[in-house]
Asker: 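Dropping the structure in here first, questions after.
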Number of protein chains: 2
Amino acid sequence: MEKEITIYDIARELDLSPTTVSRALNDHPAVNHKTKQRISEAATQMGYRSNMFASNLRKQRTNTIGLIVPRLDSPFHSSVIAGMEKVANEEGYNLIISQSLETMQKEKANANAMFNSRVDGLLVSLSFETENLDHFESFISKGIPVIFYDRVADHKDCTSIVIDNLQAAYKATSHLIEQGCTNIVHITGNLKRNVYADRLKGYKYALVDHDLPFTDSNVIISQMTEEAGKEAAQQILRMDPLPDGIFVSNDLCAVSCIKALKKAGVSIPKDIAVIGFNNDAISRVIEPNLTTVNYPSQEMGEVALKVLLVQMNGTGERIPGNTIHLRSELIIRESSLRSKASTKKKAVIL
Amino acid sequence: MEKEITIYDIARELDLSPTTVSRALNDHPAVNHKTKQRISEAATQMGYRSNMFASNLRKQRTNTIGLIVPRLDSPFHSSVIAGMEKVANEEGYNLIISQSLETMQKEKANANAMFNSRVDGLLVSLSFETENLDHFESFISKGIPVIFYDRVADHKDCTSIVIDNLQAAYKATSHLIEQGCTNIVHITGNLKRNVYADRLKGYKYALVDHDLPFTDSNVIISQMTEEAGKEAAQQILRMDPLPDGIFVSNDLCAVSCIKALKKAGVSIPKDIAVIGFNNDAISRVIEPNLTTVNYPSQEMGEVALKVLLVQMNGTGERIPGNTIHLRSELIIRESSLRSKASTKKKAVIL
DNA sequence: TAAATAATTGAAACCGATTTCATATATTTG
DNA sequence: CAAATATATGAAATCGGTTTCAATTATTTA
């Protein structure tokens, strides 16, 4: 447990001032090249490491980015985080992470903790429950950029990063219709969240555009968990007539629903065609393989972090109300294929 | 962008000294109860927030815990992290996370970054490639506790948190033998890592204890990815005779292997019984459902963090060479069941 | 009631880097 | 060669809490 070396130690050693040492270590142009060399050598030789707290205290910035996710143990979010970590790491930023566990109360607490930790920027994917964005105002009024991704909300000073959920849902539903489905159920999450509200819209518009009726009773709102998928299946099995298509807002829920339906003797896709969302690994494991929407999760993480960095280091001018869309695509697999020919049919574009 | 409130502002406002304000906010016993009340009210009313950098600078600690994982986008690690975040959050610690992407070089770089960020403690699950622990010596010699979990290594000053991999593998292999398997393949990862080395041992000992021969050619070393599972299946299909059992060191790889085998016309478990490891969600999706080892991942995260906190706040005395074992269990599903009766048979315990 | 002890409070140093402003030396220009 | 400019360095203030040591006031004890 040796003593920590400071710039004062280096200064004394080389008979210079701490000022010059500090400048040299930060590659300041006003320091002689040779002096820099000497200082840098002494620093490594003496085992110096910069004290970020002294530096942060003085510079009033922390080199730290906060992240609030609904859950850490979800394939989607892990993948997003992997993308964020990659960029943060490359750029020399620290990422501090917390989860809201889908409650607004924890999201608030986490936001406050991040605020007190004085993060230089904040990345957020909203919880199911979140009703308003008041807990982010402290950041915004201080000029700390806040970026929402995936589960976003409209705020004039915040950038959002999303896929076109409406279009993705429209394509998925249209695909089911092309496969001959006329009675399609949609299983989705809390409509407070854009992702679910938009997918519901896309589902609805696709029905309307294909002259199919929209019924409230065909929309099942759930927690989108494995358990919820099973329950949704029970609910569907009680429907009369049985639907001939299901569009689910996430893969885990879709898969668990399929499992329950199969157990009840329903044939997928013959009796009911199913489409999921996200393209998680399980979508390639369930039989039949699940048609789903490919979500560029890792890319979304990378983009979110890059955009945040731009805003953090930017000249202060915010790109107001800006929304960035990433491309998603329908991946057609067996779970939705009821006619061989149809794959060649051109998809209807919104 | 209003000005930041400091304890000096509060002190001036209430005509007190910064000393007293600081003490009051930290609930120091030597401050009068009423004074505390006044200060705390003024603080909230004025919108004060503590400057962690000033505090850290003076206190020489950071309230931050570093975490280095091989990959963020793995069900196992996300679940561990979820557990860690939960405890860290409750205890008021920040978690900064980075991934080694299975290379020693990145692991080193991340360790250095963590060291410079002056984390108060470090949690590590080693990369495939890691050859030695030199990059953690800086922590250890400074008295910063380092804890390894899952993929651990022996170090006299570090605690490790693991499950009994040898026993788990022994049980899994024994189960296959009880099901009538006599020619069992083991697919596992880099033997530099304890988890894989120990599982290999458990596999080997189970064979020996049941008077079955052990052959090197029945052990396939791979990267344990989805792709690797497919390749392993090809290798297995070329074996003559075909094995009648496979024990795979992770579920993803097992599932992808099963998919490839099924495609080649092999019947699971009739022709080949399969067991995975981890109890990821996909193990309940593949058909037949995968027999696997339940890994208490979230619990491992919680325990790791709690043990770290004890060491960080402890009296400095380290529990040397301490290893903590968590309980795991074999979850028997269809992928390994070849005889109905056998489930009732008592498992052989090592 | 005087002396001893406990309860509160504050002044000032400190943590370690950054930055402003000033200064000394070196180089260039007229 | 004097004046102007460029180059290189340093002194000291600063960021905002924490902590040591001292001082003051209140309370208890003899």
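By convention in this document, chain letters (A, B, ...) are assigned in the order of the sequence lines, proteins followed by strands, and residues within each chain are numbered from 1. Computation of the quantities below employed the complete heavy-atom set of this structure, encompassing side-chain atoms and omitting hydrogens, waters and symmetry-equivalent molecules.
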Asker: Take atom NZ in Lys108(B); do more than 12 heavy atoms of anything else shown fall under 6.0 Å from it?
Answerer: no
Asker: Testing the 3.5 Å rule here: is there a donor-acceptor pair between the side chains of Ser297(B) and Ser79(B)?
Answerer: yes
Asker: Side chains of Glu137(B) and His155(B): donor-acceptor distance under 3.5 Å anywhere?
Answerer: yes
Asker: Identify whether any heavy atom of Arg49(B) sits under 4.0 Å from a base atom; if not, whether one sits that close to sugar-phosphate; answer base, sugar-phosphate or nothing.
Answerer: sugar-phosphate
Asker: For DNA chain D, which nucleotides open and close the run of contacts to chain B, 5' to 3', at under 4.0 angstrom from a non-hydrogen atom?
Answerer: dG16(D) to dT20(D)
Asker: When the ring planes of Phe148(B) and Phe136(B) are compared, do they come out parallel, tilted or perpendicular, using 30° and 60° as the limits?
Answerer: perpendicular
Asker: CD1 of Ile68(B) to CD1 of Ile96(B): how many Å apart, nearest 0.5 Å?
Answerer: 9.5 Å
Asker: Could you tell me whether Lys192(A) and Glu131(A) make a salt bridge, using a distance below 4.0 angstrom between a side-chain N and a carboxylate O?
Answerer: yes
Asker: Have Tyr295(B) and Asp150(B) got a donor and an acceptor in their side chains that come within less than 3.5 Å?
Answerer: yes
Asker: Distance from Leu95(A) atom CG to Leu95(B) atom CG, nearest 0.5 Å?
Answerer: 10.0 Å
Asker: Taking 4.0 angstrom as the limit, do Glu102(B) and Arg151(B) come out as a salt bridge?
Answerer: yes
Asker: Let me check the geometry of the helix from dT1(C)-dA30(D) to dG30(C)-dC1(D). What is the bend angle between the axes at its two ends, five pairs each, to 10°?
Answerer: 40°
Asker: Give the intermediate values and the outcome of side-chain contact (heavy atoms from CB on, under 4.5 Å) for residues Gln45(B) and Glu13(B).
Answerer: CA-CA 12 Å; Gln45(B) 189 266 313; Glu13(B) 184 76 15; 5.6 Å; no
Asker: Walk along DNA chain C from 5' to 3' and tell me the first and last nucleotide with an atom closer than 4.0 Å to a non-hydrogen atom of chain A.
Answerer: dG16(C) to dT20(C)
Asker: What residues in residues 15-35 of chain B put a non-hydrogen atom under 4.0 Å from any atom of DNA chain C?
Answerer: Asp15(B), Leu16(B), Ser17(B), Thr19(B), Thr20(B), Arg23(B), Ala30(B), Val31(B), Asn32(B), Thr35(B)
Asker: Please enumerate all residues that pass side chain to side chain contact (heavy atoms under 4.5 Å, CB included) together with Asn116(B), with sequence neighbours excluded.
Answerer: Arg49(A)
Asker: Quick one: side chain to side chain contact (heavy atoms under 4.5 Å, CB included) partners of Glu90(B), sequence neighbours excluded?
Answerer: Lys86(B)
Asker: Applying a 4.0 Å non-hydrogen cut-off, can you work out what Phe53(A) is touching in the nucleic acid: base, sugar-phosphate, or nothing?
Answerer: nothing
